[in-house]
**Q** 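Okay, handing you the structure first.
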Amino acid sequence: MRTPAEHWFPVRHYNLPLTLSCGQSFRWRNTPDGWEGVVAGKWVRLRPLRDGLQAFCAEPVSDWQWLADYLQLHVRLEDILQTFPAHDPHLQKAVQACFGLRLLRQEPWECLASFILSSTKQIPHIQQIIECLCLRFGAPVCVPPGHAPVYAFPEAATLARAGEEALRGCRMGFRARALQEAACRVAEGVLNLESLRHLDEAAARRQLMSLRGVGPKIANCVLLFAYGFPRAFPVDVWVRRALREAYFPRRRPTPRRLEAFIQSHFGPHAGYAQQYLFHYWRTGRAARRKIQ
DNA sequence: GTCCAGGTCTTCC
DNA sequence: GGAAGACATGGA
């Protein structure tokens, strides 16, 4: 009989619901008992509790560092926020509205595969596709007694073997080809995702963009959410909208000028700023227009 | 029925 | 180098 494990992490300024639901990861579910997901192959339930987070696992855990790393609990949010431009009312409003939003440090393969599936899809659809993928191809993980079965994110080798047609069965459409090819490259070791940790940002981006279906946006998502490159700045439809409305209301900047603006304006933690703008624009646009 | 979604690739000028 | 269209699917 395995004994479940419980742990309390002290941390301040950590908005757990926002962090787990803001579109950087896709497998967390809000249940009456807390937020449930799979990290490092383990089923986890998380709850905000006092000045910290309470974690619950179905198996014994001797060392919780893997979860602290995933949640980036050592990061002092105030240190990051103070690097943001002081005179930027748009970003300041976004920070106020989304205070406590954090960036996670995800497993590279799951992050890469998830964002390959994200192109021109709404977040709920991405979640549906990934759930289907885990159900069909993922290994079962240990859950509490009586809990519905939960599956890990599938290994690259499993998806490589499954083939494109089987992947299409998860309703991912044309993205199946890119996912299957990426799975093959990773499974064969042609692309070594672990080795990217030792490269600089530009070199790691080039490696990721060598994959079909991975352009600058998806590469930047992986650089930011899985490898923690703090300046990586994914520009999707919402962030492009935010940048145009807030900083370029009159004329559209060239891609080169936009890139220069991003890196000079948002500073060393541009990626964090991006996530605040993304979530603020995506969720609060209608309400914000009423105020203006 | 039409539009749009955490894009990318190809073609064409 | 940049604009336009194709690519699948589902929800609003």
**Q** Under the ring pair (Phe, Tyr, Trp, His ring centres under 6.0 Å) rule, collect the residues that match up with A:Y247, sequence neighbours excluded.
**A** A:H90, A:F261, A:H265, A:F266
**Q** What integer distance in Å separates A:D236:CG from B:dA5:P?
**A** 9 Å
**Q** Rounded to whole angstrom units, what separation is found between the CZ atom of A:F26 and the C1' atom of B:dA5?
**A** 12 Å
**Q** Taking the side chain as every heavy atom from C-beta outward, state whether A:F137 and A:L167 have any pair of such atoms under 4.5 Å apart.
**A** yes
**Q** Which whole number of Å gives the distance between the C1' atom of B:dG6 and that of C:dA4?
**A** 22 Å
**Q** Which residue pairs satisfy the ring pair (Phe, Tyr, Trp, His ring centres under 6.0 Å) criterion with at least one member in residues 30-57 of chain A, sequence neighbours excluded?
**A** A:W43-A:H147
**Q** For the pair made of NE2 in A:H125 and C1' in B:dG6, what is the distance, rounded to whole Å?
**A** 13 Å
**Q** Which salt bridge (charged side-chain N to carboxylate O under 4.0 Å, His left out) pairs, counting each pair once, include a residue from residues 96-117 of chain A, with sequence neighbours left out?
**A** none
**Q** Mind calculating the distance between CZ (A:R240) and C1' (B:dG7) to the nearest angstrom?
**A** 9 Å
**Q** With a non-hydrogen cut-off below 4.0 angstrom, is A:R252 in contact with a base, only sugar-phosphate, or nothing?
**A** sugar-phosphate
**Q** For atom P, what is the distance between C:dA8 and B:dT10, given to the nearest Å?
**A** 14 Å
**Q** Stacking here means centres under 5.5 Å and planes under 30°; does A:F278 stack on B:dG6?
**A** yes
**Q** Show every donor-acceptor pair shorter than 3.5 Å between a side-chain atom in residues 117-133 of chain A and any protein atom, with sequence neighbours excluded, or say none if there are none.
**A**
from, atom 1, to, atom 2, distance (Å)
A:S118, OG, A:F115, O, 2.7
A:T120, OG1, A:R175, NH2, 3.3
A:E131, OE2, A:R27, NE, 3.3

**Q** Side-chain N or O of A:R282 versus OP1/OP2 of B:dC4: is the shortest distance under 4.0 Å?
**A** no
**Q** So A:Q127, base contact, sugar-phosphate only, or nothing? Heavy-atom distance under 4.0 Å.
**A** nothing
**Q** Among all residues two or more places apart in sequence or in another chain, which pass the side-chain contact (heavy atoms from CB on, under 4.5 Å) test with A:E181?
**A** A:R177, A:R212
**Q** Specify the residues of residues 158-180 of chain A, ordered by number, for which at least one heavy atom lies under 4.0 angstrom from an atom of DNA chain C.
**A** A:R168, A:R171, A:G173, A:F174, A:R175
**Q** For A:L49, does its backbone N or O pair with a side-chain atom of A:W8 as donor and acceptor, under 3.5 Å?
**A** yes
**Q** Tabulated below should be each protein N or O lying under 3.5 Å from an N or O of nucleotides 9-11 of chain B; please produce it.
**A**
from, atom 1, to, atom 2, distance (Å)
B:dC9, OP1, A:G213, N, 3.0

**Q** Identify whether the distance between the nearest side-chain nitrogen and carboxylate oxygen of A:E165 and A:R168 falls below 4.0 Å.
**A** yes
**Q** According to salt bridge (charged side-chain N to carboxylate O under 4.0 Å, His left out), does anything in residues 34-44 of chain A pair up with another residue at least two apart or in another chain? List the pairs.
**A** A:E36-A:R45
**Q** Heavy atoms within less than 4.0 Å of DNA chain C: which residues of residues 109-124 of chain A have one? Give them sorted by number.
**A** A:T120, A:K121
**Q** Apply ring pair (Phe, Tyr, Trp, His ring centres under 6.0 Å) to A:H13 and list each qualifying residue two or more places apart in sequence or on a separate chain.
**A** A:F99
**Q** Using atom types as modelled, flag every donor-acceptor pair under 3.5 Å from a side chain in residues 195-204 of chain A to any protein atom, sequence neighbours excluded.
**A**
from, atom 1, to, atom 2, distance (Å)
A:S195, OG, A:N192, O, 2.7
A:R197, NE, A:E194, OE1, 2.8
A:R197, NH2, A:E194, OE2, 3.3
A:D200, OD1, A:A202, N, 3.2
A:D200, OD1, A:A203, N, 2.8
A:E201, OE2, A:R205, NH2, 2.6

**Q** Between which nucleotides of DNA chain C, 5' to 3', does chain A make heavy-atom contacts below 4.0 Å?
**A** C:dG2 to C:dG11
**Q** May I ask you to check whether over 12 heavy atoms, not counting those of A:R257, lie within 6.0 Å of atom CZ?
**A** no
**Q** Count the heavy atoms belonging to other residues, nucleotides or ligands that lie under 6.0 Å from CD of A:Q54, then report whether that count exceeds 12.
**A** yes
**Q** Going by distance alone, is a donor N or O of one side chain under 3.5 Å from an acceptor N or O of the other, for A:D88 and A:Q92?
**A** no
